[in-house]
Amino acid sequence: MTQPYSTLALAEPLKRAVAEMGYENMTPIQEQAIPVVLAGQDVMGAAQTGTGKTAAFSLPLLQRLLKHETASVSPARHPVRALVLLPTRELADQVAGQVKQYAKYTNLRSAVVFGGMDMKPQVEELRKGVEVLVATPGRLLDHIEAKTAVLNQVEYVVLDEADRMLDIGFLPDLQRILNYLPKQRTTLLFSATFSPEIKRLAASYLQDPVLIEVARPNTTASTVEQHFYLLDDDDKRSAIRQVLKDKELRQAFVFCNSKLGCARLARALERDGLRTTALHGDKSQDERLKSLEAFKQGEVDLLVATDVAARGLDIKDVPAVFNYDVPFNPEDYVHRIGRTGRAGASGLAVTLVTKGDQRLMGELEKLLKTKIEVEHLQFENERPSGRQNDGRRRWQGDETGDARDDVRRQRAERRTSDRPRPAAAPADPFFDKPYEASPAAEQAPAAWETQARPGRSSVSANIKPKRKVAALFKAPQETPSAAD
DNA sequence: AAAAAAT
């Protein structure tokens with residue numbers, strides 16, 4: 001049982017904001033991290049998203065900023081005193097929104113800067129002065145070079161999703177930014193995993209960090225029912241439709257490995273009559289934010305995304321996650337399925353596996369420290385293959401591709417090639433539905449109820465799992481539940 | 001075999 005916020009020595013404006021947001025008790029990460037940050041110590045924290053991580057650093061950070069007002073600064077030029085760095089624009093946007101809420105009744109100002117948006121409004125805001133700056137690395141460097149962001153008075157820096165920010169390509173930017181900051185500062189680092197690389201980063205940028213760990217990293221939530229289906233590429237879409245229907249799913253995340261694959265799949269599912277939107281880096285930032293919002297509001301049932309959406313996005317109650325592709329990085333599997341089964345709710349994770357995924361499955365087994373049983377989905381119209389199959393077998397990736405697969409692949413490629421969509425789509429009750437404000441999700445039909453467009457043959461949905469198999473494996477260790 | 005983040 002965790003303590004209520006009222007036990008914390010927080011300033012009245014902060015307490016008021018917390019109360020207004022309806023929070024009473026702290027989450028475990030908050031209970032552990034807040035006192036440490038209030039004491040001004042560095043933190044190295046491991047916590048899955050959805051555990052209240054943002055409040056865990058925002059509240060004590062704002063408290064410290066309130067308590068130690070910087071002396072003799074002209075009100076017109078507030079220096080940036082706290083910097084929060086995130087690996088995706090959507091996350092930056094989300095965290096900035098939360099910080100604004102917590103700081104609502106204080107005179108502390110905050111701003112967010114990330115790429116894909118006009119520089120000008122950001123420059124304007126920075127010029128007016130902000131104490132808390134939330135940013136993605138690339139755009140922040142732009143502002144640093146343009147001298148619109150001056151970071152020589154930063155007292156606190158937060159590196160969220162730090163493992164992601166260590167990726168090749170991110171790391172140099174991150175290091176450049178950190179080099180602009182005063183050495184005398186408090187650094188808070190949050191990461192899903194404590195890999196050797198993370199530890200190295202921590203060693204060079206943190207001073208005597210307090211280690212906080214509320215959920216074992218590299219394990220998956222025990223409330224998520226996980227399935228792996230072995231399929232041909234051609235059957236992946238049908239499998240999604242079938243599972244949506246079988247489980248009567250209202251909404252789902254669908255993850256793809258590539259931006260192009262993401263765009264194509266979203267278009268195909270939409271043609272199948274499912275209310276779908278896509279989220280990936282080839283879309284404009286405006287479109288990205290709109291897609292996310294449409295999914296949150298329940299205006300669409302399926303969000304087809306790259307790993308840009310795998311981490312941290314706070315979307316309530318997504319009942320299921322599909323991995324249309326087995327993720328390249330096994331850790332991303334954990335992040336992806338972390339979109340479901342949050343805060344103790346039950347969730348479903350379905351991963352579609354093809355013969356080519358042998359190596360990735362091996363890596364996933366290694367990370368999860370378990371043998372993964374792969375289920376076989378059989379089409380009703382499938383010809384008996386003669387192959388013995390008990391519907392459940394240990395992953396071996398034993399088959400080698402045969403000529404038929406190549407034909408299928410070519411066919412699939414032709415079908416999904418960038419053919420322009422017909423200009424005038426036939427009338428469709430779901431697509432033509434007038435814009436509905438939230439809570440549209442309540443009235444909207446479940447994803448599986450949406451019909452294929454008239455005149456279009458729907459993909460065959462008559463596949464049936466040969467045999468239902470319960471959760472195939474369990475996380476090696478029980479993880480404490482996210483919420484109190 | 002990729003994605004993300006600057007344009």
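A note on names: the letters A, B, ... follow the listed sequences, proteins ahead of strands, and every chain is numbered from 1. A quick note: this is a predicted structure, and the numbers were derived from the prediction, not measured. Both backbone and side-chain heavy atoms feed into the values below; hydrogens, waters and symmetry mates do not.
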So what does A:G115 touch, heavy atoms closer than 4.0 Å: a base, only the sugar-phosphate, or nothing? sugar-phosphate
When all nucleic acid strands are considered with a 4.0 Å heavy-atom cut-off, which category describes A:D307: base, sugar-phosphate, or nothing? nothing
Regarding A:Q242 and A:D246, do their side chains bring together a donor and an acceptor under 3.5 Å, going by distance alone? yes
Side chains of residues 181-188 of chain A: which donor-acceptor partners sit under 3.5 Å, not counting sequence neighbours?
unit_1	atom_1	unit_2	atom_2	d
A:R185	NE	A:T187	OG1	2.7
A:R185	NH1	A:P182	O	3.2
A:R185	NH2	A:Y205	O	3.4
A:T186	OG1	A:G40	O	3.4

Determine the contact category for A:G116: base if any of its heavy atoms lies under 4.0 Å from a base atom, sugar-phosphate if only primed atoms, P, OP1 or OP2 are that close, otherwise nothing. sugar-phosphate
If you measure from the Lys or Arg side-chain nitrogens to the Asp or Glu carboxylate oxygens, is any gap between A:E363 and A:R359 under 4.0 Å? yes
Crowding at CD, A:E293 (>12 non-hydrogen neighbours, <6.0 Å): yes
Of all nucleotides in DNA chain B with an atom under 4.0 Å from a non-hydrogen atom of chain A, which is the first and which the last going 5' to 3'? B:dA1 to B:dT7
Heavy atoms under 4.0 Å, any strand shown: does A:N329 hit a base, just sugar-phosphate, or nothing? base
To the nearest 0.5 Å, atom CG of A:L62 lies from atom CG of A:L108 at 6.0 Å
Would you say the ring centers of A:F57 and A:F190 fall short of 6.0 Å from each other? yes
Judged by nearest nucleotide, the residue sitting upstream toward the 5' end of DNA chain B, A:F328 or A:E145, is A:F328
Heavy atoms only, 4.0 Å cut-off, all strands: where does A:L360 land among base, sugar-phosphate and nothing? base
